Peer 1: 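Would you mind keeping the following structure in view while I ask a few things?
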Amino acid sequence: MALRLFNTMSSQVEEFRPLRDHEVRMYACGPTVYDYGHVGNFRTFVAVDILRRFLRQSGYKVRHVMNITDVDDKIIRNSSREGVSVQQYTAKYEKAFLEDAAMIGIEEPTLVRATEHIPEMADFVAKLVEKGFAYRTDDGSYYFRIAKFPQYGKLSKRDFSGMLDGARVDIDEYDKDSARDFALWKAPKPGEASWDTAIGPGRPGWHLECSVMSMRELGETFDLHAGGEDLVFPHHENEIAQSESFTGKPFAHFWFHARFLLVEGEKMSKSLGNFFTLRDLILKGHKPSSIRYLLASVPYRHQLNFTFDGLKQAAVSVERLRNFRLRLVAGSFPSGASDETRSLAADTIARIKAALDDDLNTAQAQAAIFEMVRQANAAADARGIKQDDVAPLLEALTKFDEIFAVLDDDDAPKMKRVLQWAIAEGREKEISPELRDALQSDQRSDSDIEKKVEEMKAARTARDFKTSDAIRGELADAGILVEITKDGIRWRRK
RNA sequence: GGCGCGGUAGCCAAGUGGCAAGGCAGGGGUCUGCAAAACCCUUAUCGGCGGUUCGAUUCCGCCCCGCGCCUCCA
């Protein structure tokens, strides 16, 4: 079976077939780096990441390009308010964004920056003017004339035909010819960042960078273009208009849009007090893996209600998966193999693939892995798991984690970096006791813990439970849980 | 107003024209020196009212509620 994806352009779930057999070229709209990324931003980026990972798992080579918008009105406003250059200002937030993305397991795409492609953008505008799709206004700005692109509105399903009739053609008009015409290039204003180019001084409009950079990196026509649902109109509609006018060819074949999330049942907004950056959540003591898991747990086209209760639930769910893997890795099992377990693992892998093939149904993929975990745990309790069953079960977990990326417990070091950042930024008071607790276990090295566990084992062999319990208590205080099972003794950080 | 999405157990949620996945929480057990983990059992008239159908949570209509986009917010 092959991947079927919802295509915003056709408003249908379609089979995804890239233009080249074994390669997918995708472009995702990235962040405007004017502030720290919030949980809503990362919902979209996690969705795209899951798509990318699944495409690769499905055997494609994936070329994934993402833009960094490092010049826009907010950036100009904020940087001048802080009295720093646009570049200084954006560098800080770009760095923060990349750290955050890595923190929640997003694989880094090829990054392209708007400010590094200014001359190309100017050339692009010049060509559009030449072809009659764009015009210059008296102040030196350039606009795209949507009257020249009759399909305008095809992505967002809007009808602009009424406006096309009345569109004027006077290129020396100071204002835009039509209210719907959008800016390709903005003339400089006093005190604003500006570039001198072949089409005059100024800065690029927002949509231009994505057309220019995606075509440069991926070709005039490529497979998939992604972003948050808000970008359908006007951003992607405008990209299509200017790109297809420029090349006379189709732009992207698939349009992938992630739905917005709610926070505690309401639209996230600063005024409601439910606006959280990723770092806010970490400072409250939530693990990156919990956040990623929760963001991934509702299929990307559905509204996700992001709640703190949900975050706790996600943490427990992830722990269950990790416990299971630990059981497989650290346990001892009788020799041999069982057909049931092998087919359980194989079925699970097939179910995960089928779920993701179905428009990335992550909820069903999760259900499949938990079904396996329950059955395998039950079998293990009954001594039904054999040595040779371990590898297939681990393989299923690996397939799952190639997409979800939550099994490896590297939360503590990541959270520690956020804590250090908070201190460096003078935001210590935002560091919650929960975060400090979560970092407890990070104080001890693995080898130190192993040594203690060996001491415990020795004490237990001597049936000296008092000593054994004392060591366990000491480790527990340090946030390390030692578990005694019939398969052996094992430990983990809480 | 235009276009679109959703309302499923205490919470997060999947799904189908024919006995309603999964996770979390709760209750009851089993295992266990203790602790943890794990397992078993247990919790749903699928927003309301009509209609189509042998049969609808799933299709259609109306209503109620929530949400999104409508020029730069992922």
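Treat the numbers as computed from the prediction; the structure is a model and nothing was measured. Numbered from 1 within each chain, the chains take letters A, B, ... in sequence-line order.
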Peer 1: Taking the six-membered ring for Trp, are the ring centroids of A:F246 and A:F124 within less than 6.0 Å of each other?
Peer 2: yes
Peer 1: Considering only heavy atoms, which members of residues 294-306 of chain A lie under 4.0 Å from some atom of RNA chain B?
Peer 2: A:V298, A:P299, A:H302, A:Q303, A:L304, A:N305
Peer 1: Report the C-alpha distance between A:H236 and A:H207 in whole Å, list the side-chain angles of each, state the deciding distance to 0.1 Å, and finish with yes or no for ring pair (Phe, Tyr, Trp, His ring centres under 6.0 Å).
Peer 2: CA-CA 8 Å; A:H236 289 163; A:H207 318 296; 9.3 Å; no
Peer 1: Assess A:K270 against A:F275: is NZ or CZ under 6.0 Å from the centre of the six-membered ring, and within 45 degrees of the ring's axis?
Peer 2: yes
Peer 1: Salt-bridged, A:K287 to A:E319, with N to O below 4.0 Å?
Peer 2: no
Peer 1: So what does A:D469 touch, heavy atoms closer than 4.0 Å: a base, only the sugar-phosphate, or nothing?
Peer 2: base
Peer 1: From the options A:F251, A:F256, A:F254, select the one residue that forms a ring pair (Phe, Tyr, Trp, His ring centres under 6.0 Å) with A:H225.
Peer 2: A:F251
Peer 1: Could you check whether A:N377 gets within reach of a base, just the sugar-phosphate, or nothing at all, counting any heavy atom under 4.0 Å?
Peer 2: sugar-phosphate
Peer 1: A:L208 versus A:V125: any side-chain heavy-atom pair under 4.5 Å?
Peer 2: yes
Peer 1: Judged by each residue's nearest nucleotide on RNA chain B, which is more toward the 5′ side, A:D230 or A:G310?
Peer 2: A:G310
Peer 1: Between B:C73 and B:G68, how far is it from one C1' atom to the other, in whole Å?
Peer 2: 12 Å
Peer 1: Remember a base hit wins even if backbone is also touched, and classify A:R327 as base, sugar-phosphate or nothing at under 4.0 Å, heavy atoms.
Peer 2: sugar-phosphate
Peer 1: Would you say the ring centroid of A:F276 lies under 6.0 angstrom from that of A:H38?
Peer 2: no
Peer 1: Between B:A20 and B:U45, how far is it from one P atom to the other, in whole Å?
Peer 2: 12 Å
Peer 1: For A:L231, answer base if it contacts any base atom (sugar-phosphate contacts may also be present), sugar-phosphate if it contacts only those atoms, and nothing otherwise; contact means non-hydrogen atoms under 4.0 Å.
Peer 2: sugar-phosphate
Peer 1: In whole angstrom, give me the gap between the P atoms of B:G4 and B:G61.
Peer 2: 12 Å
Peer 1: Which pairs of donor and acceptor atoms, one on a side chain in residues 96-111 of chain A, lie under 3.5 Å apart (sequence neighbours left out)?
Peer 2:
from	atom 1	to	atom 2	distance (Å)
A:E99	OE1	A:R279	NH2	2.9
A:E99	OE2	A:K95	NZ	3.0
A:D100	OD1	A:R279	NE	2.8
A:D100	OD1	A:R279	NH2	3.0
A:D100	OD2	A:R279	NE	3.4
A:E107	OE1	A:R52	NE	3.0
A:E107	OE1	A:R56	NH1	2.8
A:E107	OE1	A:R56	NH2	3.4
A:E107	OE2	A:R56	NH2	3.0

Peer 1: Classify the side-chain pair A:D70/A:T115 by whether it contains a donor and acceptor separated by less than 3.5 Å.
Peer 2: yes
Peer 1: Run through RNA chain B and report every stem of 3 or more consecutive Watson-Crick or G-U pairs, distances under 3.5 Å, ordered by first number.
Peer 2: B:1-7 with B:64-70, B:10-12 with B:22-24, B:26-30 with B:38-42, B:47-51 with B:59-63
Peer 1: Could you give the CZ-to-P distance, from A:R259 to B:C3, as a whole number of Å?
Peer 2: 17 Å
Peer 1: For the ring pair A:Y143 and A:F182, is the centre-to-centre distance below 6.0 Å?
Peer 2: no
Peer 1: Short of 4.0 Å, heavy atom to strand atom, which residues of residues 263-281 of chain A count as contacting RNA chain B?
Peer 2: A:K267, A:M268
Peer 1: Quickly work out the A:H235 NE2 to B:C73 P distance and round it to whole Å.
Peer 2: 11 Å
Peer 1: Rounding to a whole Å, what distance do you find between A:R492:CZ and B:A35:P?
Peer 2: 16 Å
Peer 1: Between atom CD in A:E237 and atom P in B:C72, what is the gap in whole Å?
Peer 2: 15 Å
Peer 1: Please report, rounded to the nearest Å, how far the P atom of B:A13 is from the CG atom of A:L262.
Peer 2: 9 Å
Peer 1: Without decimals, in angstroms, what is the distance between A:R325 CZ and B:A37 P?
Peer 2: 18 Å
Peer 1: Is a donor on one side and an acceptor on the other found under 3.5 Å between the side chain of A:D159 and the backbone of A:G153?
Peer 2: no
Peer 1: Is the charged tip of A:R43 near the ring of A:F260: under 6.0 Å from the six-membered ring centre and within 45° of its axis?
Peer 2: no
Peer 1: In whole angstroms, how far is the P atom of B:A74 from the CD atom of A:E239?
Peer 2: 14 Å
Peer 1: Please list, in numerical order, the residues of residues 35-46 of chain A that have a heavy atom closer than 4.0 Å to any atom of RNA chain B.
Peer 2: A:H38, A:G40, A:N41, A:T44
Peer 1: Could you tell me if the side chain of A:K494 sits less than 4.5 Å from the side chain of A:Q440, heavy atoms only?
Peer 2: no
Peer 1: Closest approach to the side chain of A:R351, judged atom by atom: which nucleotide of B:C39, B:A37, B:A21 is it?
Peer 2: B:A21
Peer 1: Provide the distance between the two C1' atoms, one in B:A14 and one in B:C72, to the nearest whole Å.
Peer 2: 36 Å
Peer 1: Considering only atom C1', compute the distance from B:A74 to B:C60 and round it to an integer number of Å.
Peer 2: 36 Å
Peer 1: Can you tell me how far P of B:C72 sits from CG of A:D181, to the nearest Å?
Peer 2: 16 Å
Peer 1: Using heavy-atom distances to pick each residue's nearest nucleotide on RNA chain B, tell me which of A:N238 and A:F465 is more 5'.
Peer 2: A:F465
Peer 1: Apply the side chain to side chain contact (heavy atoms under 4.5 Å, CB included) test between A:M372 and each candidate in A:I349, A:I352, A:L397, A:D347; give the one that qualifies.
Peer 2: A:L397
Peer 1: For nucleotides B:G10 and B:A25, find the distance between their C1' atoms and express it as a whole number of Å.
Peer 2: 7 Å
Peer 1: Rounded to whole angstrom, note down the P distance from B:C31 over to B:A44.
Peer 2: 28 Å
Peer 1: What interatomic distance, in whole Å, is found between C1' of B:U8 and the corresponding atom of B:C70?
Peer 2: 31 Å
Peer 1: Is the shortest side-chain heavy-atom distance between A:I68 and A:P31 below 4.5 Å?
Peer 2: yes
Peer 1: Under the criterion of centre distance below 5.5 Å and interplanar angle below 30°, is A:F260 classified as stacked on the base of B:G68?
Peer 2: no
Peer 1: When all nucleic acid strands are considered with a 4.0 Å heavy-atom cut-off, which category describes A:K466: base, sugar-phosphate, or nothing?
Peer 2: nothing
Peer 1: Checking the side chain of A:D389 only, and the main-chain atoms of A:K386 only, is there a donor and an acceptor separated by less than 3.5 Å?
Peer 2: yes
Peer 1: What string of B, S and - do you get for nucleotides 22-32 of chain B 5' to 3' if you count protein non-hydrogen atoms under 4.0 Å?
Peer 2: SBB--------
Peer 1: Is there a donor-acceptor pair closer than 3.5 Å between any side-chain N or O of A:K157 and the backbone N or O of A:M9?
Peer 2: yes
Peer 1: With distance as the sole test, does A:N377 use its side chain to make a donor-acceptor pair with the main-chain N or O of A:V373 at under 3.5 Å?
Peer 2: yes
